[in-house]
K.L.:
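Questions regarding the structure given below will be posed in turn.
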Amino acid sequence: FSFQPENRPGNCWPFPGSQGHIFIKLSMPVIPRAVTMGHVSGTAFHRESTSGAPKDFAVYVNGFKEEHEEQGTFLGQFTFLAALNPSQTFELENELPGVMNYIRLEVLSNWGHPDYTCLYRFRVHGDLPQDGGEVPVYSV
């Protein structure tokens with residue numbers, strides 16, 4: 001799902017400043033392979049809306065740990081070019097030996113807004129343990 005049901009400007013999950021993180025409990029255990037970051041698109045795409053978009057972000061996983069525990073295993077750091085494409089998929093850099101239950105999205109910077117960062121959509125793609133097929137598993 002998205003942070004908010006409709007993908008329109010301002011209808012996001014904002015957090016103060018340019019850095020923050022969120023733990024996502026996956027709907028089922030998977031071996032994560034890629035993530036997709038999404039921002040508001042179309043005519044709503046203007047300088048003000050992109051300045052609050054995430055820019056640099058990192059992804060970590062936790063196996064069966066609770067969300068309040070340590071940061072987890074590093075899977076990659078990426079740059080989201082919100083002004084060029086409102087939805088971008090990133091292949092994870094590190095392979096995992098098994099399935100995971102939690103993803104930690106850490107936003108390291110935004111595109112310049114001094115007061116807040118707005119998250120609209122974040123999806124995790126992975127392999128299911130049973131059939132090994134790549135499917136989008138969870139979207140935030």
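Values below: every heavy atom of this structure, side chains too, minus hydrogens, waters and symmetry copies.
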K.L.:
Looking only at heavy atoms, which two atoms of Ser87 and Thr36 are closest? And how far apart?
P.N.:
OG-CG2, 3.5 Å

K.L.:
Before giving the answer on ring pair (Phe, Tyr, Trp, His ring centres under 6.0 Å), spell out for Tyr60 and Phe74 the whole-Å C-alpha distance, their side-chain angles and the decisive distance to 0.1 Å.
P.N.:
CA-CA 4 Å; Tyr60 299 83; Phe74 175 74; 5.6 Å; yes

K.L.:
Do the ring planes of Phe57 and Phe78 sit parallel (below 30°), tilted (30 to 60°) or perpendicular (above 60°)?
P.N.:
tilted

K.L.:
Is a donor from one side chain sitting under 3.5 angstrom from an acceptor on the other, for Ser18 and His113?
P.N.:
no

K.L.:
Would you name the heavy atoms of Phe90 and Thr79 that are closest together and state the gap between them?
P.N.:
CE2-O, 3.4 Å

K.L.:
Taking all non-hydrogen atoms of both residues, which atom of Gly38 and which atom of Tyr120 are closest, and how far apart?
P.N.:
O-CB, 3.6 Å

K.L.:
Judged by atom type as modelled, is there a donor-acceptor pair below 3.5 Å linking the side chain of Thr117 to the main-chain atoms of Gly17?
P.N.:
yes

K.L.:
May I ask you to decide if Val107's main-chain N or O and Asp56's side chain share a donor-acceptor pair within less than 3.5 Å?
P.N.:
no

K.L.:
Any donor-acceptor pair under 3.5 Å linking the side chain of Gln77 with the backbone of Val59?
P.N.:
no

K.L.:
Might you point out which heavy atoms bring Met28 and Leu128 nearest each other, and give the distance in Å?
P.N.:
SD-CD2, 3.3 Å

K.L.:
Is there a donor-acceptor contact under 3.5 Å from the side chain of Trp111 to the main chain of Ala83?
P.N.:
no

K.L.:
Over 60° means perpendicular and under 30° means parallel, so classify the ring planes of Trp13 and Phe15, tilted if in between.
P.N.:
tilted

K.L.:
Check for a donor-acceptor pair, side chain of Asn101 on one end and backbone N or O of Lys25 on the other, with a separation under 3.5 Å.
P.N.:
no

K.L.:
Taking Leu108's backbone N and O only, do any of them form a donor-acceptor pair with Gln19's side chain (distance below 3.5 Å, no angle check)?
P.N.:
yes

K.L.:
So which atom in Gln88 and which in Ala82 form the shortest heavy-atom distance, rounded to 0.1 Å?
P.N.:
NE2-N, 3.9 Å

K.L.:
Using the rule given for side-chain contact (heavy atoms from CB on, under 4.5 Å), can you reason through Phe80 versus His39, listing the C-alpha separation, both sets of side-chain angles and the distance that settles it, and then say yes or no?
P.N.:
CA-CA 10 Å; Phe80 176 54; His39 196 65; 3.8 Å; yes

K.L.:
Show, in sequence, the C-alpha distance, side-chain angles and deciding distance for Val124 and Leu26, and conclude whether the side-chain contact (heavy atoms from CB on, under 4.5 Å) test is met.
P.N.:
CA-CA 9 Å; Val124 176; Leu26 303 175; 4.2 Å; yes

K.L.:
Taking all non-hydrogen atoms of both residues into account, name the closest pair between Arg33 and Asp127 and its distance.
P.N.:
NE-OD2, 2.7 Å

